[in-house]
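Atom set for the values below is all heavy atoms of this structure, side chains included, hydrogens, waters and symmetry mates excluded. These figures come from a predicted structure and were not determined experimentally.
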Amino acid sequence: MNRIRLAVLPGDGIGPEVVAEALRVLHDAAHAFGIEVRATEHLIGGAALTATGEPLPRATLDACLGSDAVLLGAVGTPEYDHEPPARRPEAGLLALRRALGGFANLRPARCYDPLVGQSPLAADRVRGADVLVVRELLGGLYYGEPRSVDLEAGRAVNTLPYTRPEIERVAHIAFAEARRRRRHVTSVDKANVLETSRLWRAVVTDVAREYPDVRLEHAYVDAFAMRLILEPRAFDVVLTENLFGDILSDEAAVLAGSLGLLPSATLGGPVALYEPVHGSAPALAGRGIANPIGAIACVSMLFRYTADRPDAAADVDEAIDHALSAGARTADLAGPRDTAIGTRGIGDAVEHALAEVLDRRRSYHAV
């Protein structure tokens with residue numbers, strides 16, 4: 001794809017700040033690879049509620065549905081915490097996910113070599129860790145019916161349904177990704193207790209037969225959560241349902257050393273959604289200190305999955321590595337001997353590193 005129609009949703013909190021840095025890198029790389037990017041900006045979340053009274057205005061939804069991809073910053077702001085669910089910023093994000101139809105959320109978490117010391121895990125345990133969590137995104141407890149809460153009666157109900165087609169489609173994504181990587185899938189469930197997990201395990205086992213070159217193992221979620229910390233290098237692609245994936249992908253942030261480093265891609269629908277894993281972090285908003293690397297890494301995923309340009313994706317990844325190797329650190333990454341720089345400073349460092357990577361690529365091809 002040499003032309004990308006991109007809907008940009010900066011959102012709330014630190015979202016606008018990190019998205020601005022991601023867009024700089026996106027446009028630099030796109031120009032170098034001859035990719036035309038037509039980006040338009042739209043409101044979502046608290047920013048949309050304040051301006052229009054809706055967390056996902058119709059104009060935003062139409063723009064997203066008419067695009068090839070969506071780049072989202074973050075959603076959530078404290079001023080709407082006490083509103084009913086339909087009037088909260090997060091309602092806009094859930095509605096957007098449902099409308100875009102993306103059922104597979106890919107969340108990579110790896111330990112960057114220059115940041116080995118930033119992980120709370122021992123260096124010899126985390127060095128080289130590189131995990132991709134594939135989370136089913138449109139089913140399970142988050143969307144299951146019936147659901148209800150009666151605070152006065154002290155009773156609440158959520159429902160955890162899954163069907164064979166829902167599990168099959170996300171399992172195929174996980175196995176296909178494993179073929180790009182180290183050909184190992186760990187499917188995480190709670191099949192010793194939950195009937196839904198028994199179906200999950202049976203269906204994943206059936207799908208695995210179509211991928212004889214990929215090794216499948218099953219793990220109970222509680223045991224896996226411990227193993228992810230004790231032996232993170234033992235895992236490649238982790239496949240799991242919505243709630244478990246939400247929790248485990250955040251736990252995986254310890255491999256990288258900061259939630260601010262992690263990107264995500266939501267695939268499977270007609271329009272892909274890219275967003276950093278971190279939240280809106282309202283306490284950091286407007287201070288210019290937020291870590292934009294998660295958002296910048298979303299650019300790499302956009303090139304890989306929407307543009308089908310793994311070469312451009314690899315160059316963005318390499319630029320991030322080089323910037324970190326050169327000592328670029330926001331406050332969440334800075335050690336005792338590091339000098340923290342701000343959001344813009346990290347963007348400058350990655351942009352400079354990308355220019356060097358692109359120059360080397362041109363020199364190589366010239367030879």
Side-chain angles (χ1 to χ4, degrees), residues 1-12 14-45 47-48 51-52 54-75 92-93 95-102 104-106 263-276 292-317 319-320 343-344 346-348 350-355 357-358 361-362:
M1 181 181 290
N2 291 320
R3 178 180 299 170
I4 300 173
R5 296 167 299 169
L6 181 65
V8 180
L9 281 52
D12 304 320
I14 63 173
E17 300 168 59
V18 299
V19 164
E21 302 311 312
L23 287 175
R24 291 168 59 195
V25 175
L26 170 66
H27 287 298
D28 286 353
H31 177 75
F33 284 89
I35 302 169
E36 179 185 354
V37 178
R38 296 182 179 179
T40 57
E41 188 171 308
H42 308 276
L43 296 171
I44 193 174
T52 71
E54 300 177 44
L56 180 63
R58 185 72 224 185
T60 297
L61 180 57
D62 288 343
C64 292
L65 292 173
S67 299
D68 299 307
V70 176
L71 177 62
L72 172 69
V75 167
L93 177 57
L96 178 64
R97 286 175 176 170
R98 187 184 298 112
L100 296 182
N105 184 236
L106 278 57
S264 75
T266 299
L267 309 176
V271 180
L273 172 64
Y274 301 92
E275 56 180 311
I293 289 179
I296 295 171
C298 286
V299 170
S300 168
M301 299 189 82
L302 188 154
F303 281 131
R304 187 175 305 281
Y305 295 109
T306 294
D308 193 23
R309 293 299 300 268
D311 49 355
D315 280 4
V316 172
D317 289 338
I320 293 172
T343 309
R344 179 78 180 189
I346 293 288
D348 288 341
V350 175
E351 196 173 30
H352 177 73
L354 179 62
V357 170
L358 293 171
R361 177 186 286 274
R362 283 190 287 266

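- Using a 4.5 Å heavy-atom threshold, the side chains of Leu72 and Leu93 count as touching.
- Tyr274 and Thr266 share no donor-acceptor pair across their side chains, judged by distance under 3.5 Å alone.
- Looking at heavy atoms from C-beta onward, Ile35 lies in side-chain contact with Arg309 at the 4.5 angstrom threshold.
- Checked against side chain to side chain contact (heavy atoms under 4.5 Å, CB included), Ala355 has no partners two or more places apart in sequence or in another chain.
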Let's go through Val316 and Ile296 carefully: what are the C-alpha distance in whole Å and the side-chain angles of both, what is the deciding distance for side chain to side chain contact (heavy atoms under 4.5 Å, CB included) to 0.1 Å, and is it a yes or a no? CA-CA 8 Å; Val316 172; Ile296 295 171; 4.3 Å; yes
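- Between the OG1 atom in Thr306 and the CG atom in Leu6 there is a gap of 8.5 Å [rounded to 0.5 Å].
- The structure places CD1 of Ile44 at 6.5 Å from SG of Cys64, a figure rounded to the nearest 0.5 Å.
- Put simply, the side chain of Arg38 never gets that close to the backbone of Arg3: no donor and acceptor are under 3.5 Å apart.
- Ala95 and Leu56 make their closest contact through CB-CD2, 3.9 Å (heavy atoms, listed as atom of the first residue, atom of the second, distance).
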The test is side chain to side chain contact (heavy atoms under 4.5 Å, CB included); show your working for Thr60 and Thr52 and say whether it passes. CA-CA 11 Å; Thr60 297; Thr52 71; over 6 Å; no
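- Take Ala47 and apply the side chain to side chain contact (heavy atoms under 4.5 Å, CB included) test, not counting sequence neighbours, and it matches Asp12, Leu43.
- At least one side-chain heavy atom of Arg97 sits less than 4.5 Å from a side-chain heavy atom of Leu273.
- Among residues two or more places apart in sequence or in another chain, the side chain to side chain donor-acceptor pair (under 3.5 Å) test is passed with Asp315 by Arg361.
- In this structure the side chain of Val75 never reaches within 4.5 angstrom of the side chain of Leu96, judged on heavy atoms.
- In terms of the side chain to side chain donor-acceptor pair (under 3.5 Å) criterion, Thr343 has no residue partners (sequence neighbours excluded).
- Under the 3.5 Å distance criterion, the side-chain polar atoms of Ser67 are matched with a main-chain donor or acceptor of Ala63.
- Residues passing the salt bridge (charged side-chain N to carboxylate O under 4.0 Å, His left out) test with Asp317, sequence neighbours excluded: Arg304.
- A heavy-atom distance below 4.5 Å is found between the side chains of Met301 and Leu106.
- Listed by chain and number, the residues in a side chain to side chain contact (heavy atoms under 4.5 Å, CB included) with Asp62 are Arg58 (sequence neighbours excluded).
- Looking at every heavy atom in both residues, Phe303 comes nearest to Ala312 through CG-CB, 3.8 Å.
- Partners of Thr40 under the side chain to side chain donor-acceptor pair (under 3.5 Å) rule, at least two apart in sequence or in another chain, are His42.
- A search for salt bridge (charged side-chain N to carboxylate O under 4.0 Å, His left out) contacts involving Glu41 returns nothing, not counting sequence neighbours.
- Residues forming a salt bridge (charged side-chain N to carboxylate O under 4.0 Å, His left out) with Arg98 (at least two apart in sequence, or on another chain): none.
- His352 meets the side chain to side chain donor-acceptor pair (under 3.5 Å) test with Glu356; sequence neighbours excluded.
- A heavy-atom distance below 4.5 Å is found between the side chains of Cys298 and Pro276.
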When the side chains of residues 15-27 are checked against the rest of the protein, which donor-acceptor pairs come out under 3.5 Å, sequence neighbours left out?
{"from": "Glu17", "atom 1": "OE1", "to": "Gly288", "atom 2": "N", "distance (Å)": "3.3"}
{"from": "Glu17", "atom 1": "OE2", "to": "Gly286", "atom 2": "N", "distance (Å)": "2.6"}
{"from": "Glu21", "atom 1": "OE1", "to": "Arg24", "atom 2": "NH1", "distance (Å)": "2.4"}
{"from": "Arg24", "atom 1": "NE", "to": "Glu351", "atom 2": "OE1", "distance (Å)": "3.4"}
{"from": "Arg24", "atom 1": "NH1", "to": "Asp348", "atom 2": "OD1", "distance (Å)": "3.3"}
{"from": "Arg24", "atom 1": "NH2", "to": "Asp348", "atom 2": "OD1", "distance (Å)": "2.5"}
{"from": "Arg24", "atom 1": "NH2", "to": "Glu351", "atom 2": "OE1", "distance (Å)": "2.5"}

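- The minimum heavy-atom distance between Ala99 and Leu65, with the atom names listed, is O-CD2, 3.8 Å.
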